[in-house]
Structures are given as C-alpha cells and as structure tokens.
Amino acid sequence: MTDKEVRVRFCPSPTGTPHVGMVRSCLFNYAWAKHCEKFGNDEGIKGGKFVFRIEDTDHVRDSEDSYQMILTSLKWLGLNWDEGVEVGGPDGPYRQSERTQIYRDVAKSLLDKGYAYKCFSTKEEIDTRNKAAGRPVQFGYDNFDRNLTDEQIKEYENEGREFTIRVKMPQDQDITFDDIVRGEVTFKAGTIPDYVIVRSSKDGNGDPLYTLTNPVDDALMNVNCILRGEDLLSSTPRQVVLWKYLIDIGVAKEPVKYGHLPYVMGEGNKKLSKRDPESNLFLHREKGMIPEGLINYLALLGWSLSPDDDIFSMDQLVEAFNPKDVLANPARFDMKKCTAINAEHIRMLDVEDFKKRLIPYLHGSVSADFVNCDLLREIAENEPDMPKLQTYQALVSADKWDNLTEDEQRIITAAAPLIQTRVQLLSEARNLLAPLLSKEEKMNVEEDAKKQLKSGKNPSGEEIDYHKVIETAINSLKSLENWTTDSIHNTLQEALSISPEGEPDYQNSLNLKPRFAFSPLRVAISGKRISPPLFECMEILGKDLTIKRLENLD
RNA sequence: GCCCCGAUCGUUUAGAGGUCUAGGACGCCGCCCUCUCACGGCGGUGGCACGGGUUCAAAUCCCGUUCGGGGUACCA
C-alpha cells in the first residue's frame with residue numbers, strides 16, 4: 001500500500017495562535033498530496049494521502065484552545081486531510097498525547113537492541129566534565145554513559161538514580177541525506193552527540209520527546225515524504241539515524257524523504273514571530289483576507305506557478321506543485337503584495353458570493369448582532385498566545401445573510417457590485433457601505449471631505465459657490481419622478497454641468513466642470529471624499545433621503 | 001567555539017553556460033480613462049553581495065570572503 005502512494009503529513013504542536021509559516025507548510029503538504037493523488041509524482045506513483053497529526057507532547061506549552069484554532073484554520077482555508085484527528089484513519093490515534101504507550105514500547109526495543117542507552121548524567125555533571133576537559137559548555141553531551149558497564153548501570157539503578165534514554169549517533173562517519181528542496185546535505189562525523197528521546201525517570205517511563213515521537217509516528221503512519229520547516233534541518237541527521245534503527249526493529253518499513261521549506265520572514269531579516277501581527281492567521285482573516293487570496297500569496301513565498309502569472313487558484317496550484325521546485329532561500333512576508341493578491345481574488349468572486357462574505361465585516365453598520373472584530377484585534381495585540389477561542393469561532397460561523405433586514409439585504413445587494421473593485425480586504429467594505437446603510441439625514445463631513453467643498457468657476461469666469469450647486473441640485477431632483485441612476489445622472493448633469501463634447505450646450509445649466517459640479521453632492525451624500533459612484537448611491541438611498549442629506553449640508 | 005542552510009530590482013519570483021544591454025508581479029512615479037476612489041490601459045524607476053577560478057563564453061559551475069539565518073535543550 002505504501003509503495004503505491006505518496007504520504008505526507010502536517011503535524012503542528014498546539015502552542016499559540018496559528019501563524020502563516022505554519023499554514024504555508026500545511027499548504028505545501030496538502031498540495032503535494034493532492035497533486036500525487038491526481039497526477040502522480042515524478043516516479044509515476046499515483047496516489048497521495050495527507051495525514052494530520054497533533055504533536056502535543058509538551059504538557060506545559062500545549063493548549064486545547066490552540067488545538068481548536070488549528071482545526072478552525074485548516075477548515076477555513078479548505079486544507080482538508082485524509083487521515084488524522086477528527087476524521088480518523090488506520091493508524092490512529094492521531095494525537096500524540098494518546099500514544100504514550102507506543103513510544104515507550106519503541107524506546108524499550110531501541111534499548112534492547114543497543115541502539116539507545118540509559119544516561120544517568122545530569123546537566124551539571126555534563127557541564128563539569130566539559131569544563132574539566134577544557135571544552136566549551138556548548139559542546140553539549142559527551143556520550144559519557146554510552147560506555148557504562150553493566151555493573152555501573154546496576155549500581156546507579158540500585159541507588160535509585162533517574163536516567164534519560166539517549167540514541168547512539170555514529171561518531172565516525174558523515175551523515176548525508178538528499179533534501180528535496182536543498183539537494184545533498186552532509187553533516188560532519190562526530191559533530192552530533194547522542195540525544196535524549198525519553199525524559200528522565202527512575203524506570204525509563206518518562207515522557208517521550210519530540211525526537212522520538214515524531215519519527216516513530218511518521219514511521220507508523222507510513223509517511224514517506226516529509227515537508228517541514230527549515231528550523232528542523234539540523235535535527236534531521238538525528239532522525240536519519242533513528243529511522244535506520246526503526247527499520248531494523250520493524251517500526252519503519254521504507255526510507256523516507258525530507259524536504260526543508262524556507263522560513264517566512266518578517267520585515268528585515270528576522271523570522272516572523274508569533275508576536276508579529278502579520279504572522280497571525282486570525283488577524284489576516286479579521287482584516288478580510290479571503291482564503292483564496294491568502295493561499296495564493298503564501299504559495300508564492302518560495303514557489304511560483306509560471307514566469308508571468310502570479311494569480312492562481314488552488315486547483316492550479318495542485319496541478320503544478322512539486323516540492324523540488326521550492327526555493328531554498330527564505331522569503332519575507334510582504335503585506336502589500338499579499339493585499340494586492342487578495343484584491344485580485346476578491347474581484348474574481350461571483351458577486352453573490354462576494355456580498356455574503358462581506359457580512360461578518362459589517363458589524364456596527366447593520367442591525368444584526370455580529371461578531372465584534374475589534375475585540376479580536378484587542379486580543380491579538382494584548383495576548384497573542386491566549387486568544388479567546390469562542391470569539392474566533394464565531395467569525396467562522398454560519399452565513400448570517402438571513403439575519404439582515406430586508407432593507408439591508410436590498411442595499412447590500414445593490415451596492416456589492418459597486419464596491420467589489422474598490423476593496424482589497426473585506427473589512428474595507430464597511431466604510432464604503434456605511435453611508436448607504438445609514439438612515440441619517442445629515443452626514444457628518446469628514447475632514448478631508450471638507451476640502452472638496454469649494455467654489456468653481458463656470459466658463460464665463462463666474463464664481464459659483466457650492467451652496468448654489470447644492471440648491472440647484474435639490475431643485476432639479478425634487479421634480480424628478482423616475483428615480484434611477486440614469487435619470488438622476490441626466491438631470492444633475494443638465495442642471496449643473498457643462499454638456500458633453502459634441503452635444504448642444506445646456507440651456508439653464510450652471511456650466512461647471514464635472515468635479516466642481518458633483519464633488520459637493522458626494523460630500524453631502526456620504527460625508528466622505530471617497531465613495532461608491534454618486535448617482536448609484538443616490539438611487540440606493542432613495543429620493544427622500546438623498547434630498548434630506550443635500551438640504552442638511554452646512 | 002563547532003555544525004548546517006541561504007544570497008537576482010525595495011519585496012517576491014523567472015533564469016538550470018551562450019536566446020540576459022537579466023523577464024514578470026507587487027510597491028513607487030507619470031500619463032490616459034473618469035462624477036471622487038477604484039478597476040482597466042500605457043510608460044517609467046530599479047537588481048545578479050564581493051573576490052578568485054573553470055570556460056571561447058558565467059546570474060548560471062567550483063573555491064574563498066562577507067553578510068544574513070538556524071542548530072548546538074530532559075522545546076518542537
């Protein structure tokens with residue numbers, strides 16, 4: 001079975017808020033599994049499975065909230081797994097906290113076979129020996145207990161001393177493996193000391209550590225392709241060695257390939273940390289990144305679809321993706337480009353789809369009681385590691401369209417096509433839609449909009465005050481029966497503006513250039529310098545409200 | 001200290017010895033379209049870290065240097 005499919009996995013530790021680097025790793029694993037499933041890999045193996053396992057062996061740092069958030073994230077992004085937590089599979093359970101006995105058994109086998117040994121040295125003893133031998137403290141463990149005699153071991157055990165279990169690293173040969181992303185990587189012989197796989201205890205049943213649980217589970221779950229972060233590159237020789245031992249004791253069946261994905265960096269040259277806002281997946285979501293946009297952008301970090309096309313769908317990614325094409329050098333997360341890519345995907349959305357995705361971002365502007373996203377920001381800023389899970393989940397919850405009033409539905413339906421090219425992030429819709437959703441008869445004029453309220457000159461040099469423009473507009477609109485965008489446009493143009501080129505001059509027009517004619521109206525209607533198209537806005541607002549707002553402009 | 005990884009416009013990416021006076025995208029600047037803002041269209045800005053090799057020929061291969069990153073945990 002395992003020789004017929006490529007098996008990859010994503011195995012985060014549930015610590016803190018999901019971040020973009022983690023998502024990118026997950027994405028590439030997902031894409032490769034799906035690619036192999038649909039198109040086969042380079043060796044003609046057709047079949048791919050994506051396993052999702054949780055590595056919760058660090059009881060201090062792990063949290064249930066974090067686990068739930070990871071689930072929420074992957075579901076939101078559509079990165080569905082074939083085997084793993086929640087969905088099950090042949091090699092469960094998929095949470096390491098439920099697999100402790102498995103690791104103990106493997107550790108025992110390793111000990112019996114002589115691939116691992118009991119280490120009674122304490123940290124202090126190791127440091128003391130290093131100091132005495134003139135070695136720096138960073139030298140680390142000196143493999144001292146490897147050569148303990150049976151008598152010495154007995155003696156320590158009788159004393160009741162605690163011991164860890166360490167894996168023997170070959171000291172006389174280089175360790176080489178072929179990294180999918182980086183090519184051949186070699187670690188010099190003798191540079192890696194024997195390492196701990198089980199925490200200290202008196203009976204050898206201490207907590208198993210990542211160094212053991214991770215390779216053991218990969219072996220047991222028949223994973224044959226490991227795509228993971230660059231931070232794990234230097235622990236790979238240890239795993240390469242352990243993997244050989246695991247094959248010998250029958251835990252692993254076949255060799256495994258490694259591919260180390262480059263870091264996602266923040267500004268400058270520092271790794272994107274959990275504290276950086278742009279690393280926080282939920283913050284991106286709150287700002288109105290859509291899954292399509294975020295996935296597209298993240299895939300672009302270290303990979304590209306083609307020389308001249310930056311915008312692509314998950315299907316295109318799956319079809320083209322191959323980890324051997326991933327670049328080895330780290331990439332910086334650029335919010336501007338990420339936002340621009342998101343904007344492209346927003347524009348590609350079906351307008352019905354677009355308008356519904358807007359709803360969670362209109363809190364405060366519509367009647368229904370939606371999630372307060374400002375709370376999310378507050379949480380993220382103050383407690384990046386301890387977010388309020390329920391709040392996040394509320395944002396994920398079902399479509400709220402039906403909770404809107406009929407009037408709100410009407411307005412949003414009419415306005416959605418007007419703003420679709422005007423937002424890069426869904427959260428920007430709120431500002432654009434606010435004047436349309438509001439029933440205020442007098443708009444509060446924003447500071448930079450006030451500058452638009454200036455006089456214009458007509459062709460004969462006569463100065464026309466904006467009050468005159470508004471008054472003329474009101475008079476012409478009052479008698480307008482057919483309240484549509486086109487008729488409003490025609491009416492106002494004939495009353496205020498110069499006639500279009502080639503047309504006869506208007507008889508009773510103010511003869512202003514369009515920007516002088518219409519800017520004051522925009523300000524009266526929206527209170528803003530920037531708004532959706534003016535005449536459409538007027539139609540949506542209706543005649544009464546439009547005229548009221550014009551009358552109430554100071 | 002030791003080990004490992006990396007280096008093309010501001011950012012990202014194309015480039016696997018000649019097609020490169022280095023291409024695309026985002027950003028930035030300008031112009032056009034235009035009721036504002038966008039969208040769309042057109043144009044511009046801007047880069048092979050440095051030094052040695054190999055070769056008729058190097059962004060591309062090799063070696064150094066520099067700079068950046070990671071590891072050197074009873075974290076993952």
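Proteins come first, then strands; the chains are lettered A, B, ... in the order of their sequence lines, and each starts at number 1.
- For A:T191 against B:rC3, no side-chain N or O and base N or O form a donor-acceptor pair under 3.5 Å.
- Of the candidates B:rC74, B:rG6, B:rC35, the closest approach to any side-chain atom of A:V196 belongs to B:rC74.
- Relative to the side chain of A:L327, the nucleotides B:rU13, B:rC35, B:rG71 differ in distance, and B:rU13 lies closest.
- Judged by closest nucleotide on RNA chain B, A:P136 is the one of A:S306 and A:P136 placed further toward the 5' end.
- With a 3.5 Å ceiling on both atom-pair distances, B:rA22 lacks any Watson-Crick or G-U wobble partner.
- Residues satisfying the side chain to side chain donor-acceptor pair (under 3.5 Å) test with A:T186, not counting sequence neighbours, are A:T176.
- At a threshold of 4.0 angstrom between heavy atoms, the contacts of A:V198 with the nucleic acid are absent.
- Among the atoms of the strands shown, none is found under 4.0 Å from any heavy atom of A:R228.
- The side chain of A:R238 places no N or O atom within less than 4.0 Å of a non-bridging phosphate oxygen (OP1 or OP2) of B:rU72.
- Between the side chain of A:R522 and the base of B:rC35, at least one donor-acceptor pair of N or O atoms lies under 3.5 Å.
- For the OP1/OP2 pair of B:rG6 and a distance below 4.0 Å, the side-chain nitrogens and oxygens of A:R182 include no atom meeting the criterion.
- Between the side chain of A:N29 and the main chain of A:L227, a donor-acceptor pair closer than 3.5 Å is present.
- The closest side-chain heavy-atom distance from A:F52 to A:Y94 is not below 4.5 Å.
- Rounded to a whole Å, the CZ atom of A:F354 is 13 Å from the C1' atom of B:rC39.
- Between the side chain of A:R24 and the backbone N or O of A:P262, at least one donor-acceptor pair lies under 3.5 Å.
- Comparing B:rC4, B:rC35, B:rA14 by their nearest atom to the side chain of A:L233 picks out B:rC4.
- Pairing partner, B:rC74: none, since no Watson-Crick or wobble contact has both distances short of 3.5 Å.
- Checking B:rG68 for Watson-Crick or G-U wobble geometry (two distances, each under 3.5 Å) identifies B:rC5 as its partner.
- In this structure, A:S200 reaches the bases: a heavy-atom distance under 4.0 Å links it to at least one base atom across the strands shown.
- Residue A:L209 has its side chain nearest to B:rC74 when only B:rA14, B:rC74, B:rU36 are considered.
- Residue A:L512 contributes atom CG, which lies 14 Å from atom P of B:rU36 at whole-angstrom precision.
- Backbone-only engagement by A:T186 is indicated by non-hydrogen atom pairs under 4.0 Å involving sugar-phosphate atoms exclusively.
- Look at A:N329 and you won't find any side-chain N or O under 4.0 angstrom from OP1 or OP2 of B:rG69.
- A 3.5 Å limit on both hydrogen-bonding distances identifies B:rC63 as the Watson-Crick or G-U partner of B:rG51.
- In this structure, A:Y195 reaches neither bases nor backbone, as no heavy-atom distance under 4.0 Å exists between it and the strands shown.
- If you check every strand for non-hydrogen atoms under 4.0 Å, A:L521 touches nothing.
- Per the geometry, CZ belonging to A:F139 stands 11 Å off C1' belonging to B:rG1, to the nearest Å.
- Remark: P of B:rU11 and CG of A:L298 are 19 Å apart, rounded to the nearest angstrom.
- Across all strands shown, A:R347 has heavy atoms under 4.0 Å from sugar-phosphate atoms exclusively, and none from any base.
- Nucleotide B:rC35 holds its C1' atom 7 Å from the NE2 atom of A:H489, rounded to whole Å.
- The side-chain heavy atoms of A:K337 and A:I341, taken from C-beta on, include a pair separated by under 4.5 Å.
- Taking the centre of each ring, A:Y297 and A:F333 come in below the 6.0 Å mark.
- The side chain of A:R199 has B:rC74 as its nearest neighbour among B:rU36, B:rA76, B:rC74.
- In this structure, the side chain of A:T236 engages the main chain of A:L233 through a donor-acceptor pair within 3.5 Å.
- Taking the nucleotide of RNA chain B with the nearest heavy atom to each of A:P330 and A:D58, the more 5' of the two is matched to A:P330.
- Between the side chain of A:Q420 and the main chain of A:L349, a donor-acceptor pair closer than 3.5 Å is present.
- As judged by a 4.0 angstrom heavy-atom cut-off over every strand, A:E55 is placed among residues touching the sugar-phosphate backbone only.
- Looking at heavy-atom distances under 4.0 Å, A:P262 makes no contact with the nucleic acid at all.
- Judged by Watson-Crick or G-U wobble contacts below 3.5 Å, the nucleotide B:rC28 has B:rG44 as its partner.
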**Study point:** Contact letters for nucleotides 26-34 of chain B, in which S counts primed atoms plus P, OP1 and OP2 and B counts the base, heavy atoms under 4.0 Å
**Key:** SS-------
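- Pairing of B:rA38, defined by two Watson-Crick or G-U wobble distances under 3.5 Å, is not identified with any nucleotide.
- Here A:G302 lies in heavy-atom contact (under 4.0 Å) with sugar-phosphate atoms only.
- Between A:R347 and A:E344 a salt bridge is recorded (basic side-chain N to carboxylate O distance below 4.0 Å).
- In the interface, the side chain of A:R422 is paired with the base of B:rC37 through a donor and an acceptor atom under 3.5 Å apart.
- In this structure, A:F187 reaches the sugar-phosphate backbone alone: every heavy-atom distance under 4.0 Å involves primed, P, OP1 or OP2 atoms, never a base.
- Distances from the side chain of A:S531 to the nucleotides B:rG1, B:rU36, B:rA76 place B:rU36 closest.
- Distance alone, capped at 3.5 Å, is enough to place a donor-acceptor pair between the A:R161 side chain and the A:F120 backbone.
- You'll find the side chain of A:V185 stays beyond 4.5 Å of the side chain of A:Y258, heavy atoms only.
- Heavy atoms of A:T57 sit under 4.0 angstrom from primed sugar atoms or phosphate atoms, though from no base atom.
- Distances were taken from every side-chain heavy atom of A:S304 (C-beta onward) to each of B:rA76, B:rA14, B:rC37; the shortest belongs to B:rA14.
- Rounding to whole angstrom units, OH of residue A:Y210 and C1' of B:rA76 are separated by 6 Å.
- Across all strands shown, A:L534 has heavy atoms under 4.0 Å from base atoms, whether or not it also approaches the sugar-phosphate.
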